[in-house]
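Structure record follows, encoded as structure tokens.
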Protein chains: 2
Amino acid sequence: MLVAVDCVIFGFDAGGLQVLLIRRGVAPMKGMWALPGGFVLPRESVDEGARRELLEETGVERVFMEQVGTFGDVERDPRGRVVSVAYAALVRLEDHAVRAATDAAHAAWFDVEDPPTLAFDHAAILAAAREHLAMKARRRPIGFDLLPLRFTLSQLQGVYECVHGREIDKRNFRKKVLALGVLEELEAWQEDVPHRAARLYRFDRPAYDRLAKSGVNFEV
Amino acid sequence: MLVAVDCVIFGFDAGGLQVLLIRRGVAPMKGMWALPGGFVLPRESVDEGARRELLEETGVERVFMEQVGTFGDVERDPRGRVVSVAYAALVRLEDHAVRAATDAAHAAWFDVEDPPTLAFDHAAILAAAREHLAMKARRRPIGFDLLPLRFTLSQLQGVYECVHGREIDKRNFRKKVLALGVLEELEAWQEDVPHRAARLYRFDRPAYDRLAKSGVNFEV
DNA sequence: ACAAAAGTGTTGAACGTACACCCATGC
DNA sequence: GCATGGGTGTACGTTCAACACTTTTGT
């Protein structure tokens, strides 16, 4: 029995929530889009395998990945009996210019609302990862892992709207998120936008860590 | 590489939250207490393997198990490279008179607050399952899977106090749980108790299913 | 009579939600 | 000057937390 890992890497840009996929360079399902991943080696933990495969196939490293679940149907892989452990992570799109490597002919970002047909049971894994992300967003301030270091409140609101799939009132959102006290207001504004420039904010991690310890929830 | 399953089965009685363990009948760690579980067979899914092992080792069947996580450290099992998928379930203690079977010399319930030393990394799996249970309790009405068909509000409150590890105000608890409208008030009372007899209630599943669809949360 | 748990309401504070208009900028 | 998104406050209703005493039953 083989143990594999598959990584669902989420990014965010103006077009909404994105997911990182690779085009398979080897059989089976050569040429199809799939989640980055591969087999766990005998001398590495499953967690280590996930990090290694992600780096080899996409060049993405140093991200915090969480387990989403394990997919163990008998027929899920035509190569034989393969049980796959799925991981999810959030990255800043700008920080991760992806590159093709090893058995991944290409790596590219896709809108999660409109992904290509995926190999194996990766569509189910992607769906589970989105559900996991929506749950996680209730407990942690996910926006800060997805956005640039300096961001506007509208960008942050966009993250939550994408993740939860509903619109949020602008005034109420600002009130809640500012009241948390984990945003640092910068003396800096957007540039080169065809409308009034928005103020930029930065995530105050020490303040967040203090809050998280006391068990606050980040539902918005 | 071998794939195993381990099952964390929670029950509830007057002594608090309980967990079902087996005494290992074979090496390695023969004689130690462990979570029921074993290896997944080539022709069954991981989910099926968990149900089969639980039945074989403890006689418990027809329970709804959820994945807790997958444990994949290289050194977690002295027999070699074993990746284990952990499952958790809630059962009514009274419905499951456990029995020893196959390679489990004994099966018995233990207080989750004070379990024996466990084999392999099962202490870590148990801790993860408890965390999973506390999270699950925020979204679903877990009490009803753990209690007898007819129960008192104090018993239900006891479940939540155990799971969340804190005391709850009796009046506020009753207000909230009754307001949910998923309890059916019975014309029946406790018997043979050395104090005023408490009214019995029953879980109204159709009402709950209607609520759950509309996305209510069950935090108490 | 006493021990033990059942049962019952109110109040004040905090929070969530709904809602509309003016502002700055680039074209 | 117009289109685009930025930025701001209030009022109402709901929910939550804190809190103490009387009732019933068995011994």
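These numbers come from a predicted model, not from an experiment. Proteins come first, then strands; the chains are lettered A, B, ... in the order of their sequence lines, and each starts at number 1.
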Taking 4.0 Å as the cut-off, does a side-chain nitrogen or oxygen of B/Lys176 come that near to OP1 or OP2 on D/dA17? yes
For B/Tyr208 and B/Phe218: C-alpha separation, side-chain torsions, deciding distance, then whether ring pair (Phe, Tyr, Trp, His ring centres under 6.0 Å) applies. CA-CA 11 Å; B/Tyr208 161 63; B/Phe218 291 87; 5.5 Å; yes
Name all residues meeting the salt bridge (charged side-chain N to carboxylate O under 4.0 Å, His left out) criterion together with B/Glu167; count only those two or more places apart in sequence or in a different chain, and write none if there are none. none
For B/Arg199, report the nucleic acid contact type (base, sugar-phosphate, nothing); a contact means any heavy atom under 4.0 Å. sugar-phosphate
Work out which heavy atom in B/Pro206 is nearest to a heavy atom in B/Asp204; give both atom names and the distance. CD-OD1, 3.1 Å
Strand contacts (DNA chain C) in residues 141-160 of chain A, 4.0 angstrom heavy-atom criterion: none
State whether B/Lys175 places a side-chain N or O below 4.0 Å from either non-bridging phosphate oxygen (OP1 or OP2) of C/dT8. no
Length of the line joining B/Tyr201:OH and C/dG7:P, which is rounded to integer Å: 6 Å
Can you measure B/Leu178 atom CG to C/dA6 atom C1' for me and round it to whole angstrom units? 13 Å
Considering residues at least two apart in sequence or located in another chain, which fulfil the salt bridge (charged side-chain N to carboxylate O under 4.0 Å, His left out) criterion with B/Arg52? B/Glu44, B/Glu56
Going by modelled atom types, is there a donor-acceptor pair between the base of C/dA20 and the side chain of A/Arg171 at under 3.5 Å? yes
With ring pair (Phe, Tyr, Trp, His ring centres under 6.0 Å) as the criterion, how do A/Tyr201 and A/Phe151 come out once you've worked through the C-alpha distance, each side chain's angles and the decisive distance to 0.1 Å? CA-CA 5 Å; A/Tyr201 289 80; A/Phe151 52 84; 7.1 Å; no
Working for salt bridge (charged side-chain N to carboxylate O under 4.0 Å, His left out), residues B/Glu219 and B/Lys176: CA-CA 9 Å; B/Glu219 208 143 349; B/Lys176 262 188 267 189; over 6 Å; no
In whole angstrom, what separates A/Asp169's CG from C/dC15's P? 18 Å
Separation of C/dT11 C1' from B/Asn172 CG (nearest whole Å): 12 Å
Is a donor from one side chain sitting under 3.5 angstrom from an acceptor on the other, for B/Tyr87 and B/Arg51? no
Mind calculating the distance between CZ (A/Arg174) and P (C/dT17) to the nearest angstrom? 18 Å
Which pairs pass side-chain hydrogen bond (donor to acceptor under 3.5 Å, both in side chains) with one or both residues in residues 119-135 of chain A, sequence neighbours excluded? A/Asp6-A/His122, A/Glu66-A/His132, A/Arg76-A/Asp121, A/Glu113-A/Arg130
The criterion is ring pair (Phe, Tyr, Trp, His ring centres under 6.0 Å); which residues satisfy it with A/Phe71, sequence neighbours excluded? none
Could you tell me the separation between the NZ atom of B/Lys170 and the P atom of D/dT22, rounded to a whole number of Å? 14 Å
If I take atom CZ in residue A/Phe173 and atom P in nucleotide D/dG7, what distance separates them, rounded to the nearest angstrom? 13 Å
Which of residues 188-198 of chain B sit near DNA chain D, with a heavy atom under 4.0 Å from it? B/Val193, B/Pro194, B/His195, B/Arg196
